[in-house]
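One structure below.
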Amino acid sequence: MSEAASLPQVAGKLKADAPLAPLVWFKSGGAAEWLFEPKDLADLQGFLRDLDPSVPVMALGLGSNMIVRDGGVPGVVIRLGKAFAKVTRVDEVTLECGGGASGILVSSIARDNGIAGVEFLRSIPGTVGGFVRMNGGAYGVEVKDVLVDCDVVLRDGSLVTLANADLGYTYRHSELPEGAVVVAARFKGRAGEPDTIQAEMDRISASREASQPLRSKTGGSTFKNPEGHKAWQLVDEAGCRGLTLGGAQVSEKHTNFLLNVAEATSSDIEALGEEVRRRVKENSGVTLEWEIQRVGLSAEARSELTQ
Ligand SMILES: Cc1cc2nc3c(=O)[nH]c(=O)nc-3n(C[C@H](O)[C@H](O)[C@H](O)COP(=O)(O)OP(=O)(O)OC[C@H]3O[C@@H](n4cnc5c(N)ncnc54)[C@H](O)[C@@H]3O)c2cc1C
């Protein structure tokens, strides 16, 4: 790609060849060709407006649903910092949340303001931008049930507000435009008692703790639940519990989670996922679909590019 000099001037941080492994849950994978942390909304808009339209752009939240391939991510990765992490009350039941705000912050501010209905975000590691894109959900509620609308900076730098209905939501999927960055979202809950909301958040946390490897290097649910099935059960029935490949392992605790247990490369993790898909297909006839976003280039593709 272009030299630094040909990238637009920014007020925030712009770093070349920035390692992404420390920024994602799996702690594996290559570098971003460029990593941009905008100072504020105007900085983000100006940068995208002036950036060569052929340069690919990808937003990154907490990397809790992502395999960054070992050859890294071409173009610009955008990470929203503190300027985008505020959560404020709009009215009795509505919150405005910055695209970089965490689920814990959103659910805590909701509780403080007596807003029930977003407790589920307490249990999903990630940012509002990631939740909106992925239609994140847990315990029978998902983002599409609480999202009013969101503010999005498009690849050309323009700022638009997209209503819930514009996002084409299905299970763990939205039709957010390519290269778009969610900078804010409004979530609507219902009136509730802070104590009751806290109790629900505690119940959700305890249930998570019991069933998921929360302190591991992982990417959350690997595969979407196929219609009429539970992905973890299909994986288990195919004999994949604890299966390892290189430094990657299928979690013993929750079989729809892959783990980086011993300096796994992203290639190990992705290959293990593909092996699980193959065994599940062979055992049950069901084709599992990846939920985890796999981004960037393999090490082989990168070395071909640089030869
Ligand atoms: C232990 C664990 C438990 C989990 N449990 C659940 C669960 O119960 N339910 C569930 O739904 N998910 C779960 N996940 C997956 C993950 O937490 C969600 O998918 C979450 O929405 C990802 O948010 P993120 O900000 O980290 O996004 P990332 O993982 O960084 O990115 C995911 C996708 O969102 C896009 N994205 C990120 N930020 C923005 C933005 N600002 N604008 C536009 N696009 C953006 C990325 O480009 C990418 O396509 C779990 C993950 C872990 C590790």
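Read the numbers this way: they start at 1 and go in the same order the structure lists the ligands and their atoms.
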What atoms of ligand 1 come closer than 4.0 angstrom to any heavy atom of Ala138? 8 (O)

Indicate, as side chain, backbone, both or neither, the part of Leu80 found under 4.0 angstrom from ligand 1 when only non-hydrogen atoms are considered. side chain

Who gets closest to atom 27 (O) of ligand 1 by heavy atom: Gly103, Gly130, Ser251? Gly130

For ligand 1, which atoms, with element, lie under 4.0 Å from some heavy atom of Asn65? 15 (C), 16 (C), 19 (O), 29 (O)

The option among Lys224, Glu291, Arg208, Glu178 carrying the non-hydrogen atom nearest to atom 8 (O) of ligand 1 is Arg208

Please answer whether the main-chain N or O of Phe223 pairs with a side-chain N or O of Ser221 as donor and acceptor at a distance below 3.5 Å. no

Donor-acceptor pair, side chain of His254 and main chain of Asn256, under 3.5 angstrom: yes

Decide salt bridge (Lys or Arg N to Asp or Glu O under 4.0 Å) for Asp202 and Arg122; before the verdict, give the C-alpha distance in whole Å, the side-chain angles of both, and the deciding distance to 0.1 Å. CA-CA 9 Å; Asp202 291 346; Arg122 167 69 184 80; over 6 Å; no

One thing to verify: whether Arg79 and Glu37 come together as a salt bridge, which I'm taking to mean a side-chain N less than 4.0 angstrom from a carboxylate O. yes

Hey, could you give me the CG/NZ distance between Asp149 and Lys188, rounded to the nearest 0.5 Å? 11.0 Å

Mark up the atoms of ligand 1 that fall under 4.0 Å of a heavy atom belonging to Thr127, in ascending order. 23 (O), 24 (P), 25 (O)

Identified salt bridge (charged side-chain N to carboxylate O under 4.0 Å, His left out) counterpart of Asp236 within the set Lys253, Lys230, Arg241: Arg241

Have a look at ligand 1 and work out which part of Trp25, if any, has a heavy atom under 4.0 Å from it: side chain, backbone, both or neither. side chain

Rounded to the nearest 0.5 Å, what separation is found between the CG atom of Leu245 and the OG1 atom of Thr265? 8.5 Å

Part of Ser221 within contact of ligand 1 (heavy atoms, under 4.0 Å): neither

Which residues share a ring pair (Phe, Tyr, Trp, His ring centres under 6.0 Å) with Phe187, sequence neighbours left out: none

Counting only N and O atoms by type, is there a donor-acceptor contact under 3.5 Å from the side chain of Tyr169 to the main-chain atoms of Val143? no

Which heavy atom of the protein is the closest neighbour of atom 44 (N) of ligand 1, given with residue, atom name and distance? Arg133 NE, 3.4 Å

Considering Arg172, Met134, Lys217, which one's heavy-atom position lies nearest to atom 32 (C) of ligand 1? Met134

For the pair Asp70 (side chain) and Gly30 (backbone), establish whether a donor and an acceptor sit closer than 3.5 Å, ignoring hydrogens and angles. no

Could you find the nearest protein heavy atom to atom 3 (C) of ligand 1 and give me its residue, atom name and distance? Gln212 OE1, 3.4 Å

Show which atoms of ligand 1 fall inside a sub-4.0 Å distance from at least one heavy-atom site of Gly126. 23 (O), 24 (P), 25 (O), 26 (O)

Does only the side chain of Asn135 get under 4.0 Å from ligand 1, or the backbone, or both, or neither? Count heavy atoms. neither

Shortest protein heavy-atom distance from atom 13 (C) of ligand 1, along with the residue and atom involved: Ile124 CG2, 3.5 Å

Please could you name the atoms of ligand 1 that Gly220 approaches to less than 4.0 Å, counting only its heavy atoms? 2 (C), 50 (C), 51 (C), 52 (C), 53 (C)

Evaluating non-hydrogen atoms only, which member of Ala180, Gly136, Ser211, Ser64 is closest to atom 43 (C) of ligand 1? Ala180

Which residue supplies the protein heavy atom nearest to atom 7 (C) of ligand 1, what is that atom called, and how far is it? Gly137 O, 3.5 Å

By side chain to side chain contact (heavy atoms under 4.5 Å, CB included), Asp43 pairs with (sequence neighbours left out) Val10, Ala11, Phe36, Pro38, Lys39, Asp40

The protein heavy atom nearest to atom 45 (C) of ligand 1 is Ala59 CB, 3.6 Å

Given Pro213, Pro125, Gly99, which one has a non-hydrogen atom that is nearest to atom 17 (O) of ligand 1? Pro125

Run the numbers for me: atoms of ligand 1, each under 4.0 Å from some heavy atom of Leu62, listed by number. 24 (P), 25 (O), 26 (O), 30 (O)

Face-on cation placement of Arg203 at Tyr139 ring, 6.0 Å and 45° thresholds: yes

Could you check whether Arg277 pairs with Glu274 (Lys NZ or Arg NE/NH1/NH2 to Asp/Glu carboxylate O, under 4.0 Å)? yes

Give the residue, atom name and distance (to 0.1 Å) of the protein heavy atom nearest atom 48 (C) of ligand 1. Met66 CE, 3.7 Å

Identity and separation of the nearest protein heavy atom to atom 28 (P) of ligand 1: Gly63 N, 3.7 Å

Donor-acceptor pair, distance only, cut-off 3.5 Å: does the side chain of Asn113 make one with the backbone of Ile115? no

What part of Glu142, side chain, backbone, both or neither, has a heavy atom within less than 4.0 angstrom of ligand 1? neither

Is Leu176 in contact with ligand 1, taking contact as a heavy-atom separation below 4.0 Å? yes

Ligand 1 atoms nearer than 4.0 angstrom to some heavy atom of Leu214 are 1 (C)

With only distance considered, is Ser123 within less than 3.5 Å of ligand 1 through an N or O on each side? no

Checking Thr255 side chain against Val235 main chain: does a donor-acceptor pair fall under 3.5 Å? no

Hey, is Arg111 close enough to Asp195 for a salt bridge, meaning N to O under 4.0 Å? no

Check whether any heavy atom of Phe120 sits under 4.0 Å from an atom of ligand 1. no

What is the nearest protein non-hydrogen atom to atom 42 (N) of ligand 1, stated with its residue, atom name and distance? Val182 N, 2.8 Å

